[in-house]
Amino acid sequence: MSGLQGKRILFGITGSIAAYKAAFWVRELVKEEALVNIIMTSGAEEFISPLTFTALCGNPVHLDMFASDPDGVMAHINLSRDADLLLIAPATAQTMAKLATGMADNLLATAVLAAKIPVVICPAMNTAMYTHQASQDNRARLLELGYHLVAPGCGDLACGETGDGRLCEWEDAREAMLQVLTPQDLAGRKVLITAGPTREALDPVRYLSNRSSGKMGYAVARAARRRGAEVTLVSGPVSLSPPSGVELVSVTSAQDMADAVLSRAEQMDVIVKSAAVADFKPDNCASLKIKKGSGGLRLDLVKNIDILASLGQKKKKGQLLIGFAAESHNHLDEGQRKLTQKNLDMIVVNDILGAQTGFDVETNQVTLITPSQHQQLPLLSKTETAHRIWDAVVALDKGM
Ligand code: PMT
């Protein structure tokens, strides 16, 4: 569920200067152990040689609409029957127009018409061409026909102009493919996820914080989006890019996070609090930089608002509230105590003492505790952990 490994991707490449980027995308797919077959239009061949793609994916590139395969089945039918997904990148204005009207005058267009698999289209063209009403009408028609479109990026174009029309980033295309291939069991659900640390200011340059990188919370947000949820991610300061398709609300302190979360909580079906919120903040934030002086420095700390406990008090009927707990010992007892005290539906307890678990690593080992049971998960990537958390949330949702 967490990657493209073993997925059979039929990759259509059309005649845009961005065709050279498709070589990098094929390489990424092969690295991820996806099985790639390629169709190039004659326009694409003007920009890059089929030999490049044969070398990268290990399969001959399909060019000819009238070629038969050894079984005697026409290539345009067989190619899409043997794939899980058809990706078109870059997709030119001409290809979009053909697909919008059902024209079938080359191998790629006929393969799309014959396809019974999801089709993901990544347009790339000059800004004026992309924003032209004809292209926008074609785009709308393609959506009506059930194709999946990834919005082009904005920036410098090969033609020297600047604007919308750049081929999207590989990560966005990958995410779109994964979303299409993933069961949409969170479709129609509004979820809010918190991630990362908070910073509590001591003076204009110093703060108290913790080692949370945001990786766990961002993985939870990405997994929810992939499964069809409408996602709001409230994030403390981290150095990660937000998952595509997610609304990001950036905050700094625990109070900022409380304001952002509590003002949105009412509209949410599920709230997951994976942020590591500072329990304490300095009683006073000095307006000028604190000077070193000759002696030590004593800090007076006061308690921060417990956001999760406030959410538990206000929980609306049917809403699911999921907490995290970072524990070094007595995991089950501590998890169960927080589950009850904060009125949660589930708590995800991290073992933070293991070298590969908890703060600022790629993997995690967690125990999922609900009022009726607990389940210890093995050491997994944070992405896989996030999907297992959502599996449990979906099961809870069905039981309500
Ligand atoms: O970000 P990474 O580097 O990937 O690391 C992931 C993680 C270890 C930070 C994460 O998985 C995690 O365990 N987050 C919760 C850490 C924590 O603050 O645990 P806690 O036991 O102190 O808090 C329990 C719960 O109350 C948490 O859901 C927390 O968000 C919430 N809380 C805590 C204090 C507070 N003032 N307000 C809160 O809402």
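Atoms within each ligand, like the ligands themselves, are counted from 1 in listed order.
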Can you tell me which residues line ligand 1 if we count any heavy atom under 4.0 angstrom from one of its atoms, in chain and number order?
S212, S213, G214, K215, M216, K273, S274, A275, A276, V277, A278, D279, I305, D306, I307, L308, G323, F324, A325, A326, K338, K342, N350, G358, F359, D360, K382
Side-chain donor/acceptor pairs under 3.5 Å, residues 107-128, sequence neighbours excluded:
unit_1: T110; atom_1: OG1; unit_2: N106; atom_2: O; d: 2.9
unit_1: T110; atom_1: OG1; unit_2: L107; atom_2: O; d: 2.8
unit_1: N126; atom_1: OD1; unit_2: A128; atom_2: N; d: 2.8
unit_1: N126; atom_1: OD1; unit_2: M129; atom_2: N; d: 3.2
unit_1: N126; atom_1: ND2; unit_2: E161; atom_2: OE1; d: 3.0
unit_1: T127; atom_1: OG1; unit_2: D164; atom_2: N; d: 3.4
unit_1: T127; atom_1: OG1; unit_2: D164; atom_2: O; d: 2.8

Is E362 salt-bridged to K215, going by a charged N under 4.0 Å from an acidic O?
yes
How long is the straight-line distance from NE2 of H329 back to CD of E334, given to the nearest 0.5 Å?
7.0 Å
Hey, is CD on Q336 packed in by over 12 heavy atoms from elsewhere, all under 6.0 Å?
yes
Atom pairs and distances, side-chain donor-acceptor, residues 91-98, under 3.5 Å, sequence neighbours left out:
unit_1: T92; atom_1: OG1; unit_2: T95; atom_2: N; d: 3.1
unit_1: T92; atom_1: OG1; unit_2: T95; atom_2: OG1; d: 3.2
unit_1: K98; atom_1: NZ; unit_2: D105; atom_2: OD1; d: 3.0

Could you give the side-chain donor-acceptor pairs of residues 232-249 under 3.5 Å, partners two or more places apart or in another chain?
unit_1: T232; atom_1: OG1; unit_2: E247; atom_2: OE1; d: 3.1
unit_1: S235; atom_1: OG; unit_2: Y218; atom_2: OH; d: 2.8

